[in-house]
Each structure stands twice: as C-alpha cells, then as structure tokens.
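For reference, the structure is listed below as structure tokens.
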Amino acid sequence: MLDINLIRENPDIVRDSLEKRGDVEKLKMLDELIEYDKNWRQSLTRLNDLRHRKNMITSEIAELKKKRKNTKEKIEEVDDIAQKIDVLTGKVEKYRENTDNILLRLPNLLHDSVPMGKNEKDNVEIRVWGKQPKFDFKPKSHLEIASDLGLIESERAAKAVGAGFFYLKNELVLLDLAIQRFAISFLMKKDFTLVEPPYMVNRKAYEGMIGDPFDFAEASYKIEDSELYLIPTAEYPLGSMFIDEIFELQDLPVKLVGVSACFRREVGTHGKYMKGLFRTHQFNKIEQFIVCTPEQSWDFLEELQRNSEELYQELGLHHRVVSLCSGDMTAKAAKAYDIEVWMADGEFRESGSNSNCTDYQARRLNIRFREKLGQAPAGFVHTLNNTALATSRTMIAILEQFQQRDGSVVIPKVLRPFMGGIERIG
RNA sequence: GCGGGGUUGCCCUAGCCUGGUAGGGGGCAGGCCUGCUAAGCCUGUGGUCUUUACGGGCCGCGCGGGUUCAAAUCCCGCACCCCGCGCCA
C-alpha cells in the first residue's frame, strides 16, 4: 500500500510510476482516489464540527445535571445534531471506503533503475552463467526422463486429485529433499534463521502480502468453513509473523529462510508453459525473507540475489538473470530480478524471483521500527523476498541439463551428501 | 469443545461494580534548578483533519454492533492470549 500523504503531496510521482508500468486502469483509479480523498477530508471537517458542537452541549448537560437544572431543551438540541451527524457519517465512511479500496489496489512505486517495458519480453538480461549443455543425442524433457525412470505418476495423480498434481517417487523424492537440504545449509551458514511456517494463513495476512486484493480470489486455495488459506509461498506466513510489531533497530535485519510446500491455483495461466513440473498446484520451496530498515533494503536486494546465483552456480546449472521491466513487475515490488534456468527445449524459464517490496507490505501489515528505545516508531520496515530454490523447477533443470544418452541423470556433486551419496539416477 | 481470567497510548498499570474531560509510573525528548560519587523539578509523548500551525477540532481503551444527551465503563456478538478440564497424532 502506498502512503496516502505521498499521493496528496506528490501525485505526479505516483502517476509517473503508474505510467511506467503501463497500467491505464490504475491511472484512472488514481484520479478517482484523489477526488474521493478530497471529498473525504472536506466532509470529515464538517463532521468534526458537528461532533464538536454535540460534545459541547453534552458537557453542558452534565453541568446542568450537577446543578439539578432542566436539561430537556439541550437534549432536544443535541438530538437534532445527532441526526445530522448520522447522515454525514455515512457519507464520510463511503468516501473513506472508496479511497481505501483504491489505495489497496495501487501498485508499489517503481525504483528508478527498473527498465521500461511492456511485458516479459522486455525484461533486461543482466548476466548469463555457464554454458548451454550440448547433447550428442536428442535430449528428453524432464517428464519423459522421470517417467522412463519410474519416478513420477501424473495420470494417477489426475485420478486422485486432478490436473497439476504429481506423485514423486524414489530418487526424485530424494532429489527434492536434497535440494531443500542443500539450500537450507547454504543459507544457515549465512546467518539466516530457519523457519518452518504454518501452511495456512488468515485473510488479513494473505491480503496484506499479496498486493492487489483483486488477485486474491484467483490466487488462493481457501479452506472450507474457515477463514484460512493455503499459502502460495512461505513469504506469506514469514511476513505476516510480524503483523503490528515494532522492531528495535538492533533487532534488524531479520533474515529468515522458510521451508514449505506452496499451493497455487494457477487460474488465468492458460496458454502459458504448462509442461510437467513447471506449473503445478503444489511444490516445495526454500524462501529467503528479510525485514530491514529503509536504508538497508537496496543492499539486501543485491545480497539476496548473490545468494540465489551462488546456489545455481554450485549446482552447475546454466542460467541467466533478468531485471524485470516495468510492465512485468508485480504490484507489491519496487524492483525485482528473476533467475531463469535453461531447459532442454532451448528456453530460459523463470525459476526464482527476487523482490524488494520496500514499505508496501509493511504498511498494510503495520510492521514498524523504532530508531531509539522508548520512542514512538520512526516508520515502516522494508521487506524483501527471494526464492532460494523451488524444488520443482530446479528438478526440471537438473533432469534436463544433466541427462545422459542412456537415460540416466547425473546428480550435482553438492547434492550427493544430501541423498545418501547417490551419484546418478538410472 | 467446556469453565475461569485477560486485551488501555512506545512499555507497564489504574479506572469498569456505581456511565459524565483516560489518571499514574517507566522510557524517550526538551527545558529549569543545582554542583560532586548525584539528585530534583517542569513540559511534552498515538492517529487524523484543519493548505502551513502559535493554535483549534475530532478520533482513539482488542474488533463489530446496541442502549444513552453522554460508553474504557452497561448490553449483545466475535477474535486473540493465558490458566484449568476434556478430546487428540
């Protein structure tokens, strides 16, 4: 959520950012918001005037009562004002509701360094690491590899659950776990605190983290008969751990590594790449999450990025880093990098995403920090989240990049200690 | 699931029975007095509106309703926390 004061004082900054995102609809909403806010403030002033008059008379009544004098006239007068207050209150609330609804839907301000662009085609490649694997045979897709090795059941999953779910078996399960253990060890060495969060959050937490609440219904799995939702990423419960908290300066930054399953409905992704494990309703992910001061967040964005890239490098996976362009940026992010890993059909595809959400989530969730002990909070913290490794997409890359002519797959050295020394599957 | 206790500003706490300006302490900030291991005193302290505020107003006691001229206080509903009991892998 943006600071309403920023919108009042510098609407052009907000407008420029929305134009850069190419979000015509939100530009219109911004103008509406400014109008609603103006009306809200005007009618609030009038309402407060009426309340003031009512309070004055009320205390006069208290005085009269003390002196045992007649209060009938005053009470009639106050009844009259009370009616006007009722009417005006309804108006004020309506204006406020309208501003709030729009405010919640406006995306974060973009950082100056975000490249201009319309969609993912305009993302800017920053680095490519490793060499494209060369095969002297026709490489298979991960789904073929895993099926041929008896490591995956998709048709049976469709019977038991539905499309987009999978049973993993034997070495593929071990690989999944090894990827998680590897990423966890790596990040714990870098002073991240390991957290297994709840796999469900309540509505306030979900809406606070997501950005535009409009996306909410499409993104979330709701638990029937409760206000609980399956998490789409550990980021959600990690961030909402700190709802309404005030951090002391010396307790920042908070560096967390979350380990969890993630659940996504993937509504509205028709036409996108769907093959095999790439887009599933459930997958496991190791997530980096940071809470810090506004001064620290841009350095941490780069630090988180280095961590992710090191993980891919240690795995030996050919990948590239792109800076997301203005049109491809999620609502909550001020700036984001994606890591795209190479797949055997010759494409780089997103396997992780690193975002600085600045104070956008913190303002919604009321997470603040204090500059000095005993003082009132100085402002909102900044939050960042970055995939360390999502097991499904990392497994795709491992299976496809390290496949052999005989159908077997060589396991990256760094993972072997975490899977009982297995060097090769198949 | 049942019973009991609780939720007050940056923190702690009083006020609730018996409705009438949210009081005290701590911390923090500023000021005053003083001068020797220091201490004392005063003022301020949340959000918001008033274009700016010397100022003024409104809101704010877990959340949402209700009663009332007036609600932290009374009534109803809900959430969360603590204790005990029950159930449970």
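Numbers restart at 1 for each chain; the letters A, B, ... are given by sequence-line order, proteins then strands.
The partner of A22(B) cannot be assigned: no Watson-Crick or G-U wobble pair with both contacts below 3.5 Å exists in any strand. Judged by Watson-Crick or G-U wobble contacts below 3.5 Å, the nucleotide G1(B) has C85(B) as its partner.
Of the residues near RNA chain B, D49(A) and A62(A), the one whose nearest nucleotide (by heavy atom distance) lies more toward the 5' end is A62(A). The 5' end of RNA chain B is approached more closely, in terms of each residue's nearest nucleotide, by R41(A) than by the other of R41(A) and I57(A).
Comparing U67(B) with A72(B), their P atoms are spaced 16 Å from each other, to the whole Å. Comparing the same atom, P, in C75(B) and in C87(B) gives a spacing of 34 Å after rounding to whole Å. Nucleotides G19(B) and C85(B) place their C1' atoms 37 Å apart, quoted to the nearest Å.
Rounded to an integer number of Å, the gap from R363(A) CZ to G47(B) P is 13 Å. For the pair I85(A) CD1 and C59(B) C1', the computed distance is 13 Å after rounding to whole Å. Rounded to whole Å, atom P of G57(B) lies 16 Å from atom CZ of R53(A). The distance between atom CZ of R46(A) and atom C1' of U50(B), rounded to the nearest whole Å, is 14 Å.
Distances shown here put a side-chain N or O of K54(A) below 4.0 Å from the OP1 or OP2 atom of A70(B). N55(A) has no side-chain polar atom (N or O) that falls below the 4.0 Å cut-off from OP1 or OP2 of A70(B). Residue R51(A) places none of its side-chain N or O atoms closer than 4.0 Å to OP1 or OP2 of G57(B).
Across all strands shown, D79(A) has heavy atoms under 4.0 Å from sugar-phosphate atoms exclusively, and none from any base. In this structure, T45(A) reaches the sugar-phosphate backbone alone: every heavy-atom distance under 4.0 Å involves primed, P, OP1 or OP2 atoms, never a base. Nucleic acid contact for R8(A): sugar-phosphate only, since backbone atoms but no base atoms lie under 4.0 Å from a heavy atom of the residue.
Using a 4.0 Å cut-off between charged side-chain N and carboxylate O, K190(A) and E310(A) make a salt bridge.
Each of V124(A), N123(A), N119(A), L110(A) was scored for a side-chain contact (heavy atoms from CB on, under 4.5 Å) with C325(A), with one residue passing: N123(A). When H52(A), R51(A), R46(A) are each tested for a side chain to side chain donor-acceptor pair (under 3.5 Å) with N48(A), only one passes: R51(A).
Across G57(B), C10(B), C69(B), the shortest atom-to-atom separation from the side chain of I246(A) is found for C10(B). When distances run from any side-chain atom of I75(A) to the nucleotides U50(B), C69(B), C58(B), the shortest one goes to C69(B).
Taking the six-membered ring where tryptophan is involved, the planes of Y273(A) and F278(A) are perpendicular, since the angle between them exceeds 60° and thus also 30°.
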